[in-house]
Structure formats: C-alpha cells, structure tokens
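To start, the structure under review is shown below, and the notes come after it.
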Amino acid sequence: MSVEQRADNPYNLRYDPRALDRKWQARWEADGLYEANSNDSRPKWFALTMFPYTSGDLHVGHWYAEAPADAHARYMRMRGYNVLHPMGFDAFGLPAENAAIQNGIHPQTWTLDNVERMRAQLKTIGASYDWRREVVTCMPDYYKWNQYFFLKLYEKGLAYRAMAPVNWCEKDRTTLAREQVMPDGTCERCGTAVYQRDLEQWFFRITDYADELLDNSRIDWPERINLMQTNWIGRSEGAELSFALDVPGVDADEIRVFTTRPDTAYGVTFMVLAPEHPLVPALTTPEQRADVEAYIAQARRLTEIERLSGDKEKTGVPLGTYCVNRLNGRKVALWIADYALATYGTGAVMGVPAHDTRDFEFATKYGIPIETVIAPPDYDGAPLGEAYLDPGVMVNSGPFSGMPNEDGKAAVAAHVAENGWGGPTVSYRMRDWLVSRQRYWGTPIPIVYCAACGTVPVPEDQLPVLLPEDADFRPTGESPLKSHDRFRFTTCPQCGNVEAERETDTMDTFVDSAWYQFRYTSPDAGADRAFDPAQLAKWAPVDLYTGGAEHAVMHLLYARFFTKALRDLGLLTFDEPFTRLFNQGVILGEDHEKMSKSRGNVVNPDEQTAVLGADAVRAYLMFVGPWDQGGAWSTQGIRGIPRWFSRLWELGAVRNRSEGPSAPSDIAADLQRAAHRTVQKATEDVEAFQFNTMIAALMTLTNTLSRVEADNPDAACSPEWRSTYDTLLLLLAPIAPHLAEELWEMTGRPYSIHQQAWPDYDPELTKSEEITLVVQVDGKVRDRLTAAADITEDDARAAALSSDKIRAALNGADPARVIYVPGRLLNLVTR
RNA sequence: GCCGGGGUGGCGGAACGGCAGACGCGGCGGACUUAAAAUCCGCUUCCCCUCGCGGGAGUGCGGGUUCGAUCCCCGCCCCCGGCACCA
C-alpha cells in the first residue's frame, strides 16, 4: 500500500490513497458495515442529508453537504447509536425533460443514467450510507404512494381543484407554486419572468395548517429558518368589515375588506378592489366601463416583476359606484387599483389615506379627501403632510373618539361584530400549495373526469397510474399527457363510462420530497405500502436533518405540512418530520465567488479525489471553516491535509515498532493530558459541527506525538505514546475513515475502527499542574509567571510583586485594587 | 425599507469578558540534495528602537460600560442571505 514514488503523486504522499479508498470501500460493503438494522436494541439515530437532484454530476457542493454529515453520523455510531444514514435521488423534474428535449434522450433514460453515475460518485466519498434503502422518486413503486397520499388528502378535503389566478412560467410552460416564484417575480428554476393566468388547478390545503406550522416548539431548527417560515406564513390579526352596497341592478349587498387597522375605519374615504375582484364588472357604471376594462387588461399583462416592484406609482380607476361605511353612514367611492391583491384577504381594501402610506399616496394623486382619525401628538386639526402611522388618540370616530387607538382596534372590531358587520379575524400571506404541473416528468395525478360522475378518484387498487413511456414530452403549454390518447381516455372507475378522461397534469416534484424521509425506514415496502408502520415507529422522525437553507419555505414547509396531514389521516403518529435541522454554508470557488461554469471556477471533486483520495477532500472541506459558514476552495490550502496525513502515516511506522518501557513521567503526563484534552475538544466540536477546530485539535495532537518522537525516540515506543496514537486514530475515524481504518489495522487492533467506542475523557486529567499566570498592571500585560495551577491570590500577588518587570511597571505605586482570576490572571490596579 | 448572519495578519480561520491571531496555507531563512521536488528545523500582525533588551499601536468606524472588551451596550459604514404595495 505504501508508495515512495508514484508518477501521479504530486503531493508526495507516503501511501496510495486511491488504493486505500478501494480496499476499504469494498470491505465495508462486503461486510454490510453501515447497514442499519431495526432489531438492534441500541438507541436509534436517524441522520439524513437532503438527497440530491439527479442533475448528472456530483459537485463539490454535494460533498460539502455530505462529508461533514457523514462524519457526524460516524461519530454517533461510535457513540453507541444504531445509526440510519440513507441516501437517495430526487429524480422527477424539469431538467430531465429539458435535457431530453435538447438531446433527444428519454427523460427516464437520462435520469436513470444520472442516478447510476451519481451513485458511483457518491460511493467515492466513503460515506456510511445504507444503500439498501436507496429511494429513487421516479420509480412507480415510489410515486404510487404520491398518488395514494393525494387520494387520501382528497378524501379528507385537503386536496381540491379550483380555478384561480396562478403563476405561469412561459419558458418552462407550466404553473408554479407561489414558493417557486422568486422575490423579483422570476421563475425559481429558469429565471424567466412569471405572469398570472387563470387556470383550473389542484391545490393542497396547507393553509389549514398555518397556525400549527407557526408553532416551532417541537423542533430544534435554526432561528433563521423558523423566522423565514414565520414570515412566509405571514399571520396577521385584524378584522373583516362589511361595507354596504346599494347599487341598482347588483345582487350583492356588501363588500368585505380585511384590515389590521379597524381603529381607522372612521377615516375611510375610498374603497379599492383588486382588478380581479369578482364584483368589479357588476359595479362598473357604463360611463366608466371602457376605462375599467382597459385598466384590467393592462394589469393582467403585467408580469409579477412589474406588479411587485415596490416603488411603482399607484394607479387606479374609479368604478363610478359607491358603498357605504356602516360605522358613520358615509358614502365611499369604489375604485380598482392593482395595489390591492386579489389573493390576499378579501381582495378589497378600505382606503384610509390619513393612516396608511399607500392609501395616502393614492388619495393625494387622485384628489381623494384625507381625514385624520388618529391624532398625532400636538394635533391641531391641520391636514397631515404624510400618513400618520404611530399610536394616538382616536378623533372624528363617533363613540370611539377620545379612545387610545390601540384599544380602539379591539373595540371597533367588537362593535362591528355586535352589529353583524364582520368582526375580528386572522389573515395569512401563505396560499394553498398549487401542485398541478403541465409537464411530463412527474407523478400523474390519479383523478378521472367523467361526464356522469364528475371528478372521480382512481381506486387505490388501480394504483399506480403509470406514466406512459411513449409520450411526446415536448412542451406545448399543456401537459404532454393530454396528447397521449391511450393515457388520456379511460373508463370511469365508478360508472364504466368509456369516454372518461384522466387528469393529465402531473404533480409538483416537491410532493416527492415531502415524505421521502419516511420511505427510507422501510426498504422492503416496495409497492405494498408507502412505509411499514413498525419500521417507521422504530426510526422516525429524523433526528438530524442537514442541507442548504434555500429550502426554507419550499421543501421544509411542505414536508412539515405532509407530516401533519398524514398524522391527521392516521398514517403516522408524530408531528414533525425533522426534529433537528442544521444548514451548511456554501462552498465557493478559488476566487471566492459562487461556483459556476460561466465563471470557470468549478472544482471537480472526482479529480481531487483521484489525486488525493476521499479522506483529504473530506477533511479539507471540514477544515476550511465552520460548516454553517461555508468557505472558499483553495488548491493551495488543501496541501496541508495530505501533509498531515503523511505525518500520521509516518507515525504509524513508529507505532509499529515493538513496545518498550514506560515513558519518563513528565512525558507520560504530557501525553496523557494532551490525549484527554484532544478527546474533550474533538467531542465538543463534533457535537457542535465545528469540524474545523476539531481537525485543528487533531493536528495539534499529531504534532505532540511527533515532537515526543523527535526528542526522545524511546519514549515513542512507550505504552503511553502508543495508546495516545491509537486514541488519535479513533478521533480521526469520522473525518478520514479510510486512512484511520488502514492505520488501525496496522496497530493490530480488531477490525473495524468504525465499530469501536468513541474515547472518553476525564476532565481532571485535562488539567495541567502548572499554569502561566498573566500579570497585568492597569490592564496591560507586563509579565507572565509560571505558577502552580492552584496558586492562591496571596501567593500570586507575592510572586507578581517580586517580578522586576512588574515592579518597573508599578513604578513605586501601590496597587489600589487587585483582580485575581484563579489559574489565569492577576491584574494590579493602581488607580 | 424591514428581519437575520458577518466584517480579526498576505490568505482560510482561532479565541468561557482575562496572553488577540490556535490550526493550516503562503512567504522568508536554514538543513538534506550534484540540483530540484518532497521532507525537516527556525522566523513570520504592524510600527518604533541605543533592532537579542524592550516600547507603542492593533479585531470595519465613532462613543459607552468594565480593573480588563474581538466578545456586552448605543450610534454609524460595508458585505452576504431572506422578505418587501400582504391592507
């Protein structure tokens, strides 16, 4: 295994890392070393890393997600846990179709080829995955259960079909969930500007779970992610208010608005409806119709980008009709304006220009009256120069005048409720999850439309509804399945009508990843069930989930929703899928920029592994910085890792010498202390995912062993040195599993190092008998004294005062105060 | 604009309110070598000096608390991420 000279050995490694990788990966696999068995009495630990999309090549970013996660899983295994660490592939999705369209390869061929290549690449990491549990989401045995859950949700009223204005990406030719539209109104996937279309689509009723999703008390997640979800859900408390309509020829007798400021309701001077509001056509007078229709047409043409741009000037058109503010009987003009959103609240806004910046801007532009109903400090009745948003006393508000507006919110809402004009309510920013996609490479929605029976769910025993392999999947704006007659036309499962039609849209691929974590628990479930309840009970929920923060309001929110919905369906018994979440940072290119092909700064992990071996790439990624902060790849910087490994290898040769007598007591004590300190540091660091400082501690211990060997070769044959070296290998095992296993084998200790117990440490043995006592005068370090660790304040003071440097610094002054930090520092204060 | 997370040597980064810069990279000097690579040893924050003693400054900027602040508080600046007409 050792190599003195290899032609392709630019780092002059002392061993052949690729041979080590091959040797041990084959052995571990043959031995089933990382297979998790449910009939194991040790406590379980379900360690999951977000599975990769089958894009075709494993990026160094994947390694950055997977290698440290594997190190932690290996640590937990050594800690005595029965660890389940699975891997799989997110295999449905548009890139497969796009690649197929461009290269003429079938999406399935493209995807399964990629799975094979990526699986091989993943294996080179040397991670401790239990591959028997692999999940590939495009397989019928898997997506059958997407369909099953869809039907269960449908039965429960949690899946429904509705006509709605939805986000449409013209490039990808499909609708998108709101979560998949970026803040700037572009498609999350391809960056194309998204616009709104009215389409009949399937939704999951995630909003039913809004309040439960706001509850973070059962999850240990980064505060940042919790906050992002909280903001996304956007709960706001307020009131719904009914404004009376009395327009000849119009059936509706009210317009309802949602407001968070019922206390300002006496200041309503106009009413804004969203252009899409259903009452708009009826409420438009003949004189205004042309203007209103033009405005609506123009608003519909706007992309999300234009519509969402915050500093856009407010525009609107009056409908020519009026409603009545029931609180004060005031007649209020109706307008449409695109700053009212059809999809939030009731799609209508009461205009209170005095106390809302948007309404103020609008009213100023169109000459609408502005009436103050919350008095600013020193209010003298003069017109406001801008909207007044702060607290104050209510004025011009009928019976509520004189009341602090903060009290007025509840008081007005209660008053409104008493009169049957609305009342307190809660509104959410989050919308239901749009799951229909007009694309081929996804799970068919298991629904049949029958002229006689209406919407008919496909019976469970007819699942899966297979995705036909021979579809023409080029994008047309309609699902490719729509032009596949053998798929589309079917018999109604209910009445036998032979002219029934299948739903031809497929599901959002986030459905696949909303429950995949549970599938891993049941490798033998196959087509018989989604997961085995006993296995699920054994392993779920996931104890530690790691992955990128970009999934905060998509995958992670959907997975939580799915878990709660499945719980309510009686399919599982817990509330949250992922007990603990950790987000790793992003690995950047050599130039400190995001890696991208166009920048040419992409690091290929395969090339690095071929030269340095998996361990060096793993260890470097962990060493580059704190895992949650990411870091930049450096071809210069990684050189330190193979150097360290080579020194470990050289020390392995020292370990191979025959054992000699005990080391001199001072060396033995130093070695013992160093070992215990390193175990403590490594343990604390790995628990906190601080692999960079953990590795630094292992390097320091390596240096200590080297130093002893260099200074006193006999001491390096001592039992103390040898056991310290063995401890170092145990600590190394999660970081560099192949090298540690090889060196462990060389010690003659029993296979496998990965089945050994993590070493313990004794806090008492980490302490040193002697310390460096820092002596300060007025807070400035003036001397450093060597002292016994338990030196008393009086002794420390005496020692300090006998130091020439301290006496010089004191310059004859007497310390007025002495600060003593035991075992660390003495500060003599002269002031 | 609002909400998070950050700003520390030439570089990546360490530091329970207590020796700033662990560990590593790079650089410089030396050893080994015919030579180079590799390896090993030493030095490496900046400035000053009667350059071996020492002294001063220093963790984005300005204040504050404290015997003592990279760390806590207040006010700014810059970078990264999220949200942003949500009534």
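Order of the sequence lines fixes the chain letters, A, B, ..., with proteins taken first and strands second; residue numbering starts at 1 for each chain.
Environment of NZ in A/Lys365: crowded, with over 12 heavy atoms of neighbouring residues, nucleotides or ligands closer than 6.0 Å.
Rounded to a whole angstrom, the distance from the P atom of B/G6 to that of B/G17 is 14 Å. Spacing of P atoms, B/U8 relative to B/A15, comes out at 15 Å, to the nearest Å. Spacing of P atoms, B/G75 relative to B/G81, comes out at 26 Å, to the nearest Å. Only the C1' atoms considered, B/C83 is 41 Å distant from B/G68, to the nearest whole Å. Taking the P atoms as reference points, B/G9 lies 13 Å from B/U45, given to the whole Å. Nucleotides B/C61 and B/C11 have their P atoms positioned 15 Å apart, rounded to a whole Å.
Using a 30° and 60° split on the angle between ring planes, A/Tyr620 and A/Trp633 fall in the perpendicular class, above 60°. Ring pair A/Phe689/A/Trp627 is tilted by interplanar angle, where 30° to 60° counts as tilted.
Considering only side-chain N and O atoms, A/Lys780 lies under 4.0 angstrom from the phosphate OP1 or OP2 of B/A57. Distances shorter than 4.0 Å separate none of the side-chain N or O atoms of A/Ser646 from OP1 or OP2 on B/U39.
Computed from coordinates, the A/Trp627 CH2 to B/G5 C1' distance equals 18 Å when rounded to whole Å. Per the geometry, CZ belonging to A/Phe270 stands 16 Å off P belonging to B/A87, to the nearest Å. Computed from coordinates, the A/Leu612 CG to B/C25 C1' distance equals 15 Å when rounded to whole Å.
Looking at residues two or more places apart in sequence or on another chain, you find a salt bridge (Lys or Arg N to Asp or Glu O under 4.0 Å) between A/Asp783 and A/Lys805.
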Under a 3.5 Å cutoff on both atom distances, Watson-Crick or G-U, what's the dot-bracket for RNA chain B ([ ] crossing, | other strand)? (((((((..(((.....[....)))((((((.......))))))((((.....))))..(((((..]....))))))))))))....
Spell out protein contact along nucleotides 10-24 of chain B as letters: B when the base is contacted, S when just the sugar-phosphate is, - when no protein heavy atom is under 4.0 Å; keep the 5' to 3' order. --BSS-B-BBS-BBS
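Taking the charged nitrogens against the carboxylate oxygens, A/Arg797 and A/Asp794 have no contact shorter than 4.0 Å, which rules out a salt bridge.
For A/Thr259, the listed nucleotide lying nearest its side chain is B/A87; candidates were B/G26, B/G54, B/A87.
Between A/Gln584 and A/Gln629, the closest side-chain pair of non-hydrogen atoms is not below 4.5 Å.
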